Amino acid sequence: MNLILFGPPGSGKGTQSALLIERMQMKQISTGDLFRAAIKNGTPLGKEAKGYLDAGKLVPDSVTIGLVEEELNKLNGQGFILDGFPRNVVQAEALGGLLKTLGLKVDYTTFLEVPTSLLLGRLTGRRVCKNCGTVYHIESKPSKVEGVCDVCGGQVVQRPDDKEEVISTRLEAYEQSTRPLKDYYKAKGNYVELDGTGTSEEVYARLAKAVQVKR
Ligand code: ADP
Ligand code: ZN
């Protein structure tokens, strides 16, 4: 099973990917996570991407597409979830080419629909563990001890691009570049639109039903 998971920032792609990894042994290819890891490790890719992430802007297509190509080449037959890629039509076209070359196909393209009014609260309240990446929310899923990860004891912090000033730029990039992909993938078929509101388990139940995997 191969999936593209897309939707606005804060729609829950990362959360749903984590559930799919755990329950379906799929491999997540999250361009956002890959960029953040590269930045943390100070690699050339990280140095190139940092300014864009900090500003809430899209990393240039050539860089992003190269990164995904590398990841697709490493799959070894494992099912994948593309999380946060493609983010515009140029990337979508490039992905089509890569998949064709590799003899792979996407079974479903799933879009997580969350009203814009909810996104801001989800994003400004999000906190993440610096060490293991576990995601919290100050209201809906706080860590037991403020600032300390329940799972590993690491430091729980706000992502720099979850500050209100940067969120507005991310939402603009989404509106301008990513939202048009809805029509692009609708026309291609195997396109599923999901209600992304409610608890993560409620959303997962809808997702599992739509793509016919176990719940
Ligand atoms: P979210 O979906 O919550 O905005 P991500 O972790 O997916 O968060 O992305 C964070 C940032 O990483 C984006 O704002 C952008 O700078 C960069 N990024 C991630 N995926 C892409 C992509 N496909 N193309 C360009 N930039 C990307
Ligand atoms: Zn942790």
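Both ligands and their constituent atoms are indexed starting at 1 by order of listing. Sequential numbering from 1 along the given sequence is applied to the chain's residues. Please read these numbers as outputs of a predicted model, since none were measured by experiment.
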*So which of R159, R170, R87, K13 gets nearest to atom 13 (C) of ligand 1, if we judge by its closest heavy atom?*
R87
*Looking only at heavy atoms, which two atoms of P9 and L123 are closest? And how far apart?*
O-CD1, 3.7 Å
*Contact between R126 and ligand 1, counting heavy atoms under 4.0 Å?*
yes
*Given K163 and D161, is the salt bridge (Lys or Arg N to Asp or Glu O under 4.0 Å) satisfied, shown in steps?*
CA-CA 5 Å; K163 302 246 187 308; D161 62 341; over 6 Å; no
*asked:* Please report whether ligand 1 has a polar contact with P86, defined as an N or O pair separated by less than 3.5 Å (distance criterion only).
replied: no
*Taking the six-membered ring of Y136, is the NZ or CZ of K141 close enough (under 6.0 Å from the centre) and on axis enough (within 45°)?*
yes
_Residue R36 vicinity, atoms of ligand 1 by number, heavy atom under 4.0 Å_ = 6 (O), 10 (C)
*What's the spacing between E71 CD and F80 CZ if we round to 0.5 Å?*
12.0 Å
*Using the ring of each side chain (for Trp, its six-membered ring), is Y191 parallel, tilted or perpendicular to F6, with breaks at 30° and 60°?*
tilted
*Distance to 0.1 Å, residue and atom name: give those for the protein heavy atom nearest to atom 20 (N) of ligand 1.*
T31 OG1, 2.7 Å
*Which residue and heavy atom of the protein sit nearest atom 27 (C) of ligand 1, plus the separation*: F35 CE1, 3.8 Å
*Minimum heavy-atom separation for K13 to L5, with atom names?*
O-CD2, 3.5 Å
*Option set T64, L53, I39, criterion heavy-atom distance to atom 12 (O) of ligand 1, minimum*: L53
*What is the nearest protein non-hydrogen atom to atom 26 (N) of ligand 1, stated with its residue, atom name and distance?*
V59 N, 3.0 Å
*asked:* So which atom in C129 and which in C149 form the shortest heavy-atom distance, rounded to 0.1 Å?
replied: SG-CB, 3.6 Å
*asked:* As an exercise, identify every atom of ligand 1 less than 4.0 angstrom from a heavy atom of Q91.
replied: 22 (C), 23 (N), 24 (N), 25 (C)
*Could you list which atoms of ligand 1 come closer than 4.0 Å to a heavy atom of K57?*
15 (C), 16 (O)
*Can we say K182 and E113 salt-bridge, meaning some charged N sits less than 4.0 Å from an Asp/Glu carboxylate O?*
yes
_Using a 3.5 Å cut-off on N or O atoms only, is D161 in polar contact with ligand 1?_
no
*the Zn ion (ligand 2) as vertex, arms to SG of C129 and SG of C132: angle to 10°?*
110°
_Test your reading of the structure: does F85 have an N or O sitting under 3.5 Å from an N or O of ligand 1?_
no
*Side-chain contact test, heavy atoms from C-beta onward, threshold under 4.5 Å: evaluate it for Y184 versus K188 and give yes or no.*
yes
